[in-house]
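The structure appears right after this line, and notes come after that.
Labels below follow one simple rule: chain letters A, B, ... track the order of the sequence lines, proteins then strands, and each chain is numbered from 1.
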Number of protein chains: 2
Amino acid sequence: MRMHILDSNNESAGVTMSTIYEVAAKAGVSPATVSRVLNGLKVSSAKSDAVRAAAAELSFSPNKTARSLRKQNSEVIALVIPDIENPFFTALARGVEDRLREAGFSLVLCNTDDDTETEAKYFEIAVSENMAGVILVPAADHTDLSPLLSRNRPVVAVDRSTGHDIDVVTMENRAAGLSATRALLASGYSRVACIAGPRGIETADDRSGGWQDALNLADRAADPTYLCHANYRVDGGRAAMLELLSLADPPDAVVVTNNLMGVGALQVLSEAGMAPPAFGVAVIGDLPFTTLDPTSVTIVHLPARNLGVTAASMLIERINGDRQSPRTVVLRNEVAIAVGGVPTR
Amino acid sequence: MRMHILDSNNESAGVTMSTIYEVAAKAGVSPATVSRVLNGLKVSSAKSDAVRAAAAELSFSPNKTARSLRKQNSEVIALVIPDIENPFFTALARGVEDRLREAGFSLVLCNTDDDTETEAKYFEIAVSENMAGVILVPAADHTDLSPLLSRNRPVVAVDRSTGHDIDVVTMENRAAGLSATRALLASGYSRVACIAGPRGIETADDRSGGWQDALNLADRAADPTYLCHANYRVDGGRAAMLELLSLADPPDAVVVTNNLMGVGALQVLSEAGMAPPAFGVAVIGDLPFTTLDPTSVTIVHLPARNLGVTAASMLIERINGDRQSPRTVVLRNEVAIAVGGVPTR
DNA sequence: CTTGCGTTTGAAATCGATTTCTGTAATCGT
DNA sequence: ACGATTACAGAAATCGATTTCAAACGCAAG
């Protein structure tokens, strides 16, 4: 039999958290009734008022750990992303956070550095912490979600898809590659190269596919040496740009398929005295906090924040019991704007 | 009397999490013994082996919620910051995350948008989730930490200090302002203005104080109209820069006291055709992912990541029972580098 | 052979909120 | 006015791991 000592002479002001038992004692009711009041179940208004008064007086706030243990779920969700320092993921995280907060959830941030092991460890944590769900930007295309799925934890994938049959939110990567390339062609550049992401990464292949499409539609042969693969980071962009510039017949413009590689490419170009518009550059992905002249670099804006908001919304629906079959949402890119100027001659 | 049904024919493969009771049953010992094995307490090696085998077979992972409820603490800490999209805080968060992860903690990210209400709400959550501690970049100088402190939750403040007597990690803001200004003077600029942060914000006052110091030491009067206050964001930097340019006797250089305002100021200057080095610019804080020419803008690097690592380390010490009186750590800035070129004439 | 101390282990209490179960009181219909 | 429902509220079980308490056992010394 459990004993609850309810000492009224609480000397040590507020050092301990007040519990539902103390509230019950002060209000002259049972703990069960307190719980009912706090959860909006039917209770006579007399007792209900007494409970509310007592709770306010003790500035009672229910212990989430106990609640979570009993209800077998918490109001915490995990956001698992490759790199919190990449502004794209930051914007995405911001969208997730905003949406979750208005729904009363908190966000645990998990940084994987694109490492599958780290990712797996976070899945274990998510389960053992009884988290309500997971929003995931997969580190690899073979991410194993079974630790989560077998425990019925809802998962929404963002940006990249997984091998599993779950909700996914992506964007029109191929169209982004297409518009970026077309913008450069329209500006008068004729030899347009492409710095793609790592081989085998879905977004990378799609975006460079869009570049191919654009060239085909314009009846230009896609010179295979004009397609570089790099690692989606600044140094990758630098290396690829250097390689392109050293070709026997170098391009006069380039489509860079993510934001950080765009920074690298632009750095190299400006070091070489070929900053846009001397050399045409289109970047897929935003470069916040740069001081670039917006008329000389074409930027295809990606809906990073909206990706986050959408994923969060879908996850919340699942948490609330939505059982429809998995959906794939493809967000439209906010169109390529700021078309670059014509090369100086 | 509690009953634990231990069904051996677990048809629904892995749908439920296995518990310590199932491990105990499979190993032929009591739950208490399982707990002891898992926590490294003295147990005979025969039973210890049996437990470990059973745990492995069931791929048992202890329920953190139950553990947290019983032990009255968790392995989760909260990082409360004003803006997750600001690269300064991102780098700081990254430092915190890395340090915490190697110590086995997880990180809950809390975005306040510099709003005291939101901040207070997060404190409540931290307490009711039994979090082990809080790392805080205060939204205001009057942040009320009593909800945390009265419950003995360790708190470390970063970047800005609070009214409370707790651990703080800051950096040499005044020295940063001084070096930035000196670098501009050394490059030959003579009328150096300053775009400071909001009035009353500690870091803002210190950095602009450093600007004053530098001018005094160089025996130059600090023209009061050369000191602008702005809101630490891009638009603030823009507005302040425009104001400076419109003065009757405009400056020929400016010290900008944070990264985002630096972006705003540079945008305005390049729109006005006065990009550095035509107009001298020194920025306090890093501008990652920009394509600026590093020889024309002076950057005072701030130890953002290290701030995070240090704060996390201090918090972990407190969590582990360190009771020494509150410390204030002041990190050295990684010195101003990349001194700008002399104005064109 | 017995008393005594130390070690290992299990039974049960515990953390705090939720929820089922059950009993009592109040309400309704005829 | 009486039996049948319904509404309300408390006692106790529950979530799963930790920890206290006490029993049981082994071994050593007298």
Side-chain angles (χ1 to χ4, degrees), chain A residues 1-6 16-52 54-55 58-75 125 127-132 151, chain B residues 1-6 16-51 54-55 58 60-75 125 127-132 151:
Chain A
M1 176 78 282
R2 66 191 300 155
M3 279 294 296
H4 279 276
I5 289 83
L6 307 167
T16 51
M17 199 76 192
S18 54
T19 74
I20 202 171
Y21 293 88
E22 302 173 39
V23 176
K26 185 172 273 271
V29 301
S30 76
T33 299
V34 177
S35 171
R36 288 191 263 255
V37 171
L38 268 42
N39 290 293
L41 302 183
K42 203 88 200 85
V43 167
S44 75
S45 61
K47 307 225 173 206
S48 160
D49 290 348
V51 167
R52 253 182 275 274
L58 295 170
S59 65
F60 169 75
S61 141
N63 182 313
K64 300 262 194 156
T65 305
R67 154 194 280 251
S68 163
L69 175 59
R70 179 63 230 246
K71 307 228 313 189
Q72 299 287 31
N73 74 4
S74 70
E75 252 110 28
I125 293 181
V127 171
S128 74
E129 296 259 11
N130 270 332
M131 292 190 192
R151 272 101 171 198
Chain B
M1 178 79 281
R2 65 189 301 155
M3 281 292 298
H4 279 277
I5 289 85
L6 307 167
T16 50
M17 200 75 193
S18 54
T19 73
I20 201 172
Y21 294 88
E22 303 173 39
V23 176
K26 183 173 275 275
V29 301
S30 76
T33 300
V34 176
S35 170
R36 288 190 264 254
V37 171
L38 268 44
N39 290 295
L41 301 183
K42 202 90 200 87
V43 167
S44 75
S45 62
K47 308 225 173 208
S48 159
D49 289 348
V51 167
L58 294 170
F60 169 75
S61 140
N63 182 313
K64 301 260 195 158
T65 306
R67 153 195 280 250
S68 162
L69 175 60
R70 179 62 230 247
K71 308 227 314 188
Q72 300 286 30
N73 74 2
S74 70
E75 251 109 30
I125 293 181
V127 172
S128 72
E129 297 257 12
N130 269 331
M131 292 192 192
R151 272 99 172 202

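A:Lys64 is not listed as a side-chain neighbour of B:Met131, based on a closest heavy-atom distance of 4.5 Å or more. Contact annotation: the side chain of B:Asn63 never approaches that of B:Thr19 to less than 4.5 Å [non-hydrogen atoms, C-beta and beyond].
Regarding B:Glu75, its CD atom lies at a distance of 15 Å from the P atom of D:dA17, rounded to whole Å. Here the P atom of nucleotide C:dA17 and the CD atom of B:Glu129 are 13 Å apart, to the nearest Å. Rounded to an integer number of Å, the gap from CG of A:Asn130 to P of D:dA17 is 10 Å. Between the NZ atom of A:Lys47 and the P atom of C:dA26 there is a distance of 11 Å, rounded to whole Å. The distance between atom CD of A:Glu22 and atom P of C:dC15, rounded to the nearest whole Å, is 11 Å.
Qualifying side-chain hydrogen bond (donor to acceptor under 3.5 Å, both in side chains) partners for A:Thr33, counting only residues two or more places apart in sequence or in other chains: A:Ser30. With sequence neighbours left out, the side-chain hydrogen bond (donor to acceptor under 3.5 Å, both in side chains) criterion links B:Ser74 to no other residue.
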With a cut-off of 3.5 Å and sequence neighbours excluded, list every side-chain donor-acceptor pair involving residues 42-49 of chain B.
from: B:Ser48; atom 1: OG; to: B:Arg52; atom 2: NH2; distance (Å): 2.6

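Residues B:Leu58 and B:Ser18 approach most closely at O-OG, 3.4 Å, considering heavy atoms. For the residue pair A:Pro31 and A:Ala24, the shortest heavy atom distance occurs at N-CB, 3.6 Å. In terms of heavy-atom proximity, A:Thr65 sits nearest to B:Leu69 at CG2-N, 3.5 Å. Residues B:Val34 and B:Val23 come closest through the heavy atom pair CG1-CG1, 3.9 Å. Taking all atoms of both residues into account, the shortest heavy-atom contact from B:Phe60 to B:Leu38 is CE2-CD2, 3.3 Å.
Regarding contacts with the backbone of D:dG16, every side-chain N or O of B:Thr19 stays at 4.0 angstrom or more from both OP1 and OP2. Between B:Ser44 and C:dT8, a side-chain N or O to OP1/OP2 separation shorter than 4.0 Å is absent.
Contacts between residues 34-41 of chain B and DNA chain D, counted as heavy-atom distances below 4.0 Å, involve B:Ser35, B:Arg36, B:Asn39. Heavy-atom distances under 4.0 Å link DNA chain D to A:Leu69, A:Arg70, A:Gln72 of residues 59-72 of chain A, given in residue order.
Of the possible donor and acceptor atoms, none in the side chain of B:Asn39 sits under 3.5 Å from a partner among the backbone N and O of B:Leu41.
Listed nucleotides: D:dG10, C:dT9, C:dT18. Nearest to the side chain of B:Val43: C:dT9.
For the helix from C:dC1-D:dG30 to C:dT30-D:dA1, the axis fitted to the five pairs at one end and the axis fitted to the five pairs at the other end meet at an angle of 50° (nearest 10 degrees).
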